[in-house]
Amino acid sequence: MSKVGFVGMGNMAQAMAEGFLRSGKLEQEDLLAYAPHQDKLYQNSKRIGFQPVDTLQKLVKRSDVVILACKPYQIREVLAETGAALAGKALLSVAAGWVYQDFQSILGDSVRIQCIMPNTPAMVGEGVMLFEAVHSLLPEERELVQGWFSALGLIEELPTGLMGIGGAVTGCGPAFMDLVMEAYADAAVKYGIPRTTAYRLVAQTMLGSARLQQVTGSHPGVLKDAVCSPNGTTIRGIDALEHAGLRAACLDSIDAVMNR
């Protein structure tokens, strides 16, 4: 079994570690982590079950696969500190904005590289894992890595040029969906439903609607039409959303992300 070392143990790394262990894809003794805040690292290690390491150099030395889960602005410093210790190892990055060529230009061909963009629903095994199509993992390594990440949700491969928009939709998307969820829960509360009940109803409605599309493969418009009776209540709500510019607002939100 490969030894996997996390550089950084924030919320996303914790979700990944929990998913790898919960699924049985990795064993506790095979999962290592380093983070500058050692007290917090040790607390999380007891809760999750990974092996804490007290220096970055030790982590890299003991790991076959290194997962960069630190902040994007910290990556150059981390790579400089690890130096030649990464040579011959597989490096996975889950940092937004970094692609294969960025790492290759710094590390050359001595490190096998794969960039992955997960999202927060990975915490419950319902995430989206975007794998950059360009990589330098060995075939058996990529199969192994995709097996680990399959425990966290859906895996999709995208060319480098689409990783940005893919990350905008899947990475920022949960916040956008949460905003919609909150708004409809507010509407339910407005008309008398208790807040906790409102969240349960709206969350399950969103979950069920998404699952229905996945299972049937139907166009969302077809599923929408199936709920809209002539002169009925739902079509009146649809009309209100169209007049409010819901579609345009969704497009604008992605434009704002992409044109920052």
Side-chain angles (χ1 to χ4, degrees), residues 2 4-8 10 12-13 15-17 19-20 23 25-26 60 63-76 78-79 82 86-123 125-177 210 213-214 217 219 251 253-260:
S2 298
V4 179
F6 278 89
V7 178
M12 182 57 68
M16 292 162 60
F20 294 160
S23 66
K25 302 289 186 180
L26 289 170
V60 174
S63 301
D64 302 300
V65 178
V66 176
I67 300 180
L68 282 181
C70 53
K71 301 295 184 183
Y73 72 85
Q74 297 172 321
I75 288 179
R76 290 187 183 278
V78 167
L79 295 180
T82 55
L86 278 172
K89 299 183 184 291
L91 179 69
L92 312 180
S93 169
V94 296
W98 281 73
V99 295
Y100 173 83
Q101 187 56 45
D102 297 323
F103 287 101
Q104 208 276 334
S105 65
I106 297 172
L107 300 172
D109 297 326
S110 64
V111 181
R112 300 183 300 282
I113 302 161
Q114 172 72 74
C115 292
I116 305 166
M117 295 188 67
N119 64 359
T120 53
M123 294 180 182
E126 294 291 348
V128 178
M129 313 294 122
L130 300 180
F131 274 62
E132 185 180 9
V134 178
H135 68 92
S136 53
L137 296 183
L138 300 173
E140 59 271 22
E141 285 178 328
R142 199 163 200 251
E143 182 179 357
L144 183 63
V145 168
Q146 289 192 337
W148 296 339
F149 279 85
S150 67
L152 307 180
L154 175 70
I155 291 178
E156 288 285 345
E157 182 179 288
L158 289 179
T160 301
L162 294 182
M163 289 292 284
I165 179 58
V169 172
T170 63
C172 303
F176 303 156
M177 300 301 107
Q213 195 285 322
Q214 288 181 323
H219 189 288
L251 290 167
S253 70
I254 298 300
D255 287 342
V257 174
M258 296 298 292
N259 298 319
R260 65 188 186 283

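We count residues from 1, following the sequence as given.
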Rounded to the nearest 0.5 Å, what separates atom [atom1] in [X] from atom [atom2] in [Y]?
{"X": "Gln104", "Y": "Asp109", "atom1": "CD", "atom2": "CG", "value": "5.0 Å"}
{"X": "Gln213", "Y": "His219", "atom1": "CD", "atom2": "NE2", "value": "9.0 Å"}
{"X": "Ile116", "Y": "Leu130", "atom1": "CD1", "atom2": "CG", "value": "10.0 Å"}
{"X": "Glu141", "Y": "Asp64", "atom1": "CD", "atom2": "CG", "value": "9.0 Å"}
{"X": "His135", "Y": "Ser93", "atom1": "NE2", "atom2": "OG", "value": "15.0 Å"}

Any side-chain heavy atom of [X] within less than 4.5 Å of one from [Y]?
{"X": "Leu86", "Y": "Val66", "value": "yes"}
{"X": "Val94", "Y": "Met16", "value": "yes"}
{"X": "Val65", "Y": "Leu92", "value": "yes"}
{"X": "Met117", "Y": "Val128", "value": "no"}
{"X": "Gln101", "Y": "Ser105", "value": "yes"}
{"X": "Ile67", "Y": "Val7", "value": "no"}

Shortest non-hydrogen contact between [X] and [Y], atoms and distance:
{"X": "Gly127", "Y": "Asn119", "answer": "CA-OD1, 3.1 Å"}
{"X": "Ile254", "Y": "Ala168", "answer": "CD1-O, 4.0 Å"}
{"X": "Ala151", "Y": "Gly19", "answer": "CB-O, 3.9 Å"}
{"X": "Met12", "Y": "Ala122", "answer": "SD-CB, 4.5 Å"}
{"X": "Ala69", "Y": "Ala13", "answer": "CB-CB, 3.8 Å"}
{"X": "Ala95", "Y": "Cys70", "answer": "CB-O, 4.3 Å"}

How about CD on Glu140, more than 12 heavy atoms from neighbouring residues, nucleotides or ligands closer than 6.0 Å, or not?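 For Glu140, atom CD is crowded (more than 12 foreign heavy atoms under 6.0 Å).
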Test item: [X] side-chain N/O and [Y] main-chain N/O as donor-acceptor pair under 3.5 Å:
{"X": "Thr82", "Y": "Leu79", "result": "yes"}
{"X": "Gln74", "Y": "Lys71", "result": "yes"}
{"X": "Ser2", "Y": "Val4", "result": "no"}
{"X": "Asp102", "Y": "Val99", "result": "yes"}
{"X": "Lys89", "Y": "Val60", "result": "yes"}

side-chain contact (heavy atoms from CB on, under 4.5 Å) between Gln114 and Leu91: does it pass, once the steps are laid out? CA-CA 6 Å; Gln114 172 72 74; Leu91 179 69; over 6 Å; no
Determine all donor-acceptor pairs shorter than 3.5 Å in which one atom belongs to a side chain in residues 153-165; sequence neighbours excluded.
{"from": "Glu157", "atom 1": "OE1", "to": "Arg142", "atom 2": "NH1", "distance (Å)": "2.8"}
{"from": "Glu157", "atom 1": "OE1", "to": "Arg142", "atom 2": "NH2", "distance (Å)": "3.3"}
{"from": "Thr160", "atom 1": "OG1", "to": "Glu132", "atom 2": "OE2", "distance (Å)": "2.5"}

Should the ring pair Phe103 and Trp98 be called parallel, tilted or perpendicular, given that the plane angle runs from 0 to 90° and is split at 30 and 60?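 Answer is tilted, since the angle falls between 30° and 60°.
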Assign the ring pair Phe20 / Trp148 to parallel, tilted or perpendicular, where the plane angle (0 to 90°) is split at 30° and 60°.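 Tilted: the ring planes of Phe20 and Trp148 meet at 30° to 60°.
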Sequence neighbours excluded, which residues qualify as side chain to side chain contact (heavy atoms under 4.5 Å, CB included) partners of Ser136?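 Testing Ser136 for side chain to side chain contact (heavy atoms under 4.5 Å, CB included), a comparison that skips the adjacent residues, returns Tyr100, Arg112, Ile113.
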